[in-house]
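Have a look at the structure below before the remarks.
Throughout, numbering of the chain's residues begins at 1 and tracks the sequence.
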Amino acid sequence: MDNITKIINEWDTIEFFPYAPEDEYEEEIKKISNYLNNTDVDKISLTKKINEVFIQAFGEDIYGGKIEESEIIADKIIDSIRYNNRI
């Protein structure tokens, strides 16, 4: 989960940082982590899940359904998982 936290916090899609606490996205990160732990994941499904989680958390008016950004984040998370599984 640490890698997912780092990736989501660096993305900071709502632009909370540096003003928000480091755990600002904790609930969203937990939902994404649980999804990864309970599902066979590919890039498309993870992209949709990330987008869904952030829309539910912040609404379309704030988050805006940034599917292209979600796709980039999904790639980073999948790459991170693959890298960690090789170690």
Using the ring-ring contact (aromatic ring centres under 6.0 Å, His included) rule, take Phe54 and Trp11 through it: C-alpha gap first, then chi angles, then the decisive distance, then the call. CA-CA 12 Å; Phe54 278 87; Trp11 177 32; 5.1 Å; yes

Treating Ile, Leu, Val, Met, Phe, Trp and Tyr as nodes and any side-chain heavy-atom pair under 4.5 angstrom as an edge, say whether Ile4 and Phe58 lie in one connected cluster. yes

Report whether Phe16 and Tyr63 are members of the same hydrophobic cluster (ILVMFWY, side-chain heavy atoms less than 4.5 Å apart, transitive linking). yes

Do the non-hydrogen side-chain atoms of Ile77 and Ile50 ever get within less than 4.5 Å of each other? yes

Does the pair Glu27/Lys31 count as a salt bridge with the N-to-O cut at 4.0 Å? no

NZ/Lys49 to CG/Asn51 distance, rounded to the nearest 0.5 angstrom? 11.5 Å

Less than 4.5 Å apart, any side-chain heavy atom of Tyr25 and any of Ile14? yes

Are there over 12 heavy-atom neighbours, none belonging to Lys76, within less than 6.0 Å of that residue's NZ? no

Treating Ser70 as the side-chain partner and Lys66 as the backbone partner, does any N or O pair qualify as donor plus acceptor under 3.5 Å? yes

Under 3.5 Å: donor-acceptor pair, side chain of Asp23, backbone of Glu26: no

If I compare all heavy atoms of Thr47 with all of Glu71, which pair ends up nearest, and what's the gap? OG1-CA, 3.4 Å

CG/Asp75 to CD1/Ile7 distance, rounded to the nearest 0.5 angstrom? 10.5 Å

Could you state whether Tyr35 and Ile72 fall into the same hydrophobic cluster, counting links through intermediate Ile, Leu, Val, Met, Phe, Trp or Tyr residues with side-chain heavy atoms under 4.5 angstrom apart? no

Just verifying a value: how many Å separate Leu36 CG and Leu46 CG, rounded to the nearest 0.5 Å? 5.5 Å

Of all heavy-atom pairs between Lys43 and Ala74, which one has the smallest distance, and what is that distance? O-CB, 4.0 Å

dist Asp79:CG -> Asn84:CG (nearest 0.5 Å) comes out at 11.0 Å

Please round to the nearest 0.5 Å and tell me the distance separating atom CD1 of Ile55 and atom NZ of Lys48. 12.5 Å

Nearest 0.5 angstrom please: Ile32 CD1 to Ile8 CD1, how far? 4.0 Å

Phe17 with Ile29, same ILVMFWY side-chain cluster at under 4.5 Å: yes

Would you please name every residue forming a side chain to side chain donor-acceptor pair (under 3.5 Å) with Asn34, sequence neighbours left out? none

List the steps and the verdict of side-chain hydrogen bond (donor to acceptor under 3.5 Å, both in side chains) for Asp42 and Ser45. CA-CA 6 Å; Asp42 60 26; Ser45 66; 3.0 Å; yes

